[in-house]
Amino acid sequence: MTAPQPTAQPPAATRGLVDEFRLGLDAPICLTWELTYACNLSCVHCLSSSGRRDPRELTTEECFAVVDELERLQVFYVNLGGGEPMMRADFFEIVEYAVDHHVGVKFSTNGTYIDAEAARRLAGMDYLDVQISLDGADASVNDAVRGEGSYDAAIQAMEHLKAADFGPFKISLVVTRHNVDQLDEYKALADHYGAQLRVTRLRPSGRGADSWDELHPTQAQQRQLYYWLLDRPDVLTGDSFFHLSALGDALPGLNLCGAGRVVCLIDPVGDVYACPFVIHDEFLAGNVRDAGGFTGVWRTSDLFTALREPESEGACTSCGAYDACQGGCMASKFFVGLELTDPDPECVLGNAEPLLAAVAAAGGPAPRPMQDHSRPGVPLPSPVTLKPTRRRG
Amino acid sequence: MTVPVDGVVALDPQVALRPERFGALAYHFGNRKLSFLKHPDLVAVLEAADGTRTVAELFAAAGITEARRPSFLAALETLERSEMVRITVPGTTQQATTQKDGAAA
């Protein structure tokens with residue numbers, strides 16, 4: 001999700017923007033498109049449980065057809081990801097096709113495949129943003145989550161982009177219990193490369209379901225993060241921390257869940273989900289190969305129609321902060337076993353804690369992610385044994 | 001600065017407008033900024049902003065009365081700051097700047 005410019009404007013002719021967005025737009029503002037489930041890494045928090053390519057993945061021609069639809073819908077840009085999108089042999093073909101058809105591309109990569117030549121090729125393209133994932137300011141913290149050697153690979157990609165004069169690329173960090181104290185160092189790293197900093201929220205999605213308890217920030221860390229972000233409005237967040245707005249002033253950007261209303265996910269096999277963090281049948285709206293294509297799924301699927309209905313505030317009804325946090329993240333609730341009308345599991349006011357305790361006491365398993373493309377036999381990095389050398393808050 | 005009513009308004013060629021129930025989305029492919037245009041009359045102004053007409057002329061054509069001018073002027077000022085539009089008073093020159101990446105990502 002993008003951080004919109006808060007344009008001072010004439011009073012709206014009809015209802016407020018947030019209400020408009022809740023009702024859903026005729027086309028997404030932007031969407032995430034995971035190009036492949038193949039990945040050379042096995043990050044412990046991978047929201048799509050990626051590793052192995054799926055034989056049903058969209059062909060090059062099918063990808064072009066999706067771009068054609070997005071152009072007709074005037075979806076201004078897509079966030080390409082994976083898996084590792086650069087593992088697709090036709091990666092550059094798809095990117096070039098999108099950019100040529102007025103669909104801007106922002107893509108997330110672990111950087112492994114950005115060598116000197118790829119960096120030059122990327123630097124030569126307009127309407128293309130690159131986002132390098134790096135989940136710690138040093139190798140020990142990053143590699144514990146993303147795997148041995150992944151820090152060095154990302155740094156090397158950044159060196160290549162810098163040498164190719166790409167301009168201000170982005171480096172992107174998923175905030176965890178272990179890297180939240182490194183944000184200043186991380187910012188310094190971004191500044192060193194002339195890069196723009198982006199930090200986003202960890203979700204208990206994909207393999208993240210299994211590492212959530214170990215990795216998600218503590219309440220004290222959430223407060224620390226909130227004030228850090230408030231002081232740095234230029235840091236991008238994908239508008240993912242709106243649940244923190246319950247602490248006081250709203251963070252910049254759209255403070256609401258846009259799932260199925262203003263954003264969605266197209267996965268590598270063409271399945272359309274409400275957002276990138278809910279790869280589960282419960283949130284599957286359709287497939288781009290369906291008769292009506294992506295447009296049909298977006299405009300008429302039962303799921304998206306339901307998500308655009310006025311929702312019950314549920315357990316949050318009596319909370320004065322509801323207008324600020326909007327009840328938080330749907331995906332986070334779902335994968336820890338809460339109801340969608342319950343408070344966010346990371347509710348900064350602690351309102352989810354009795355409910356989480358009840359879920360734990362009942363011993364009922366939370367819904368499991370339904371797609372698993374993890375590579376068999378590949379040991380995951382182990383954050384449990386992490387011994388950070390950094391000062392802890 | 002305030003927007004001069006005799007300034008000529010041009011929508012940046014890299015900006016695309018997408019019609020919406022509430023008005024339109026404006027996206028700048030150069031600096032990646034996204035703006036929500038929350039009033040159909042503002043959209044009408046931008047659609048007609050082809051670099052040949054002044055603020056006053058555009059407002060008149062969109063039926064924006066004197067009383068409604070301040071809020072629309074403020075909106076134009078914000079849009080100029082994010083480089084969505086260029087507003088030039090005839091006889092002066094103005095250097096437009098662009099950046100590879102904006103605050104909106």
Side-chain angles (χ1 to χ4, degrees), chain A residues 1-21 23-27 29-30 71 73-77 79 99 102-104 106 123 126-131 165-170 172 194-198 233-239 252-254 262, chain B residues 2-3 12-46 58-59 62-65 67-85 98-105:
Chain A
M1 198 51 251
T2 168
Q5 294 304 107
T7 309
Q9 285 189 20
T14 51
R15 53 180 84 78
L17 266 188
V18 167
D19 291 329
E20 286 287 352
F21 293 158
L23 294 171
L25 301 182
D26 287 345
I29 292 178
C30 68
E71 182 183 23
L73 291 170
Q74 278 197 283
V75 174
F76 299 127
Y77 63 90
N79 301 301
V99 167
H102 311 105
V103 178
K106 307 184 182 200
D126 282 336
Y127 311 140
L128 176 86
D129 291 339
V130 180
Q131 196 169 285
D165 200 19
F166 179 85
F169 56 90
K170 300 185 179 88
S172 190
Q196 204 173 4
L197 179 55
R198 182 172 189 267
D234 56 322
V235 171
L236 305 171
T237 63
D239 295 355
L254 277 185
V262 296
Chain B
T2 45
V3 171
D12 189 289
Q14 291 197 89
V15 172
L17 299 177
R18 183 176 110 183
E20 298 291 345
R21 279 189 305 261
F22 56 84
L25 297 180
Y27 184 70
H28 192 305
F29 279 94
N31 66 23
R32 322 293 206 250
K33 286 180 179 170
L34 178 71
S35 286
F36 302 114
L37 308 177
K38 294 190 283 185
H39 199 292
D41 289 344
L42 182 61
V43 181
V45 166
L46 293 192
L58 290 166
F59 281 8
I64 295 164
T65 56
R68 295 165 68 212
R69 270 192 180 188
S71 63
F72 282 82
L73 284 171
L76 277 186
E77 189 178 341
T78 311
L79 290 167
E80 185 184 30
R81 213 176 306 126
S82 52
E83 299 163 9
M84 294 282 178
V85 296
T98 54
Q99 53 187 127
K100 170 117 185 155
D101 206 345

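In what follows, chains carry the letters A, B, and so on, assigned in the order in which the sequence lines appear, proteins first and then strands, with residues in each chain numbered from 1. These values consider heavy atoms only, across backbone and side chains, with no hydrogens, waters or symmetry-generated copies.
Using a 4.5 Å cut-off on side-chain heavy atoms (C-beta onward), B:L25 and A:Q74 make no contact.
With values rounded to the nearest 0.5 angstrom, B:F36 atom CZ is found 4.0 Å from A:I29 atom CD1. Atom CZ of B:F29 is separated from atom NE2 of A:H102 by 7.0 Å, given to the nearest 0.5 angstrom.
Between B:R21 and A:L23, the shortest heavy-atom contact is NH2-CB, 3.7 Å. Scanning all heavy atoms of the two residues, the minimum distance from A:L25 to B:E20 falls at CD2-OE1, 3.7 Å.
For the pair B:R18 (side chain) and A:A27 (backbone), a donor-acceptor distance under 3.5 Å is present.
With a 4.5 angstrom heavy-atom cutoff, B:L73 does not touch chain A via any of its atoms.
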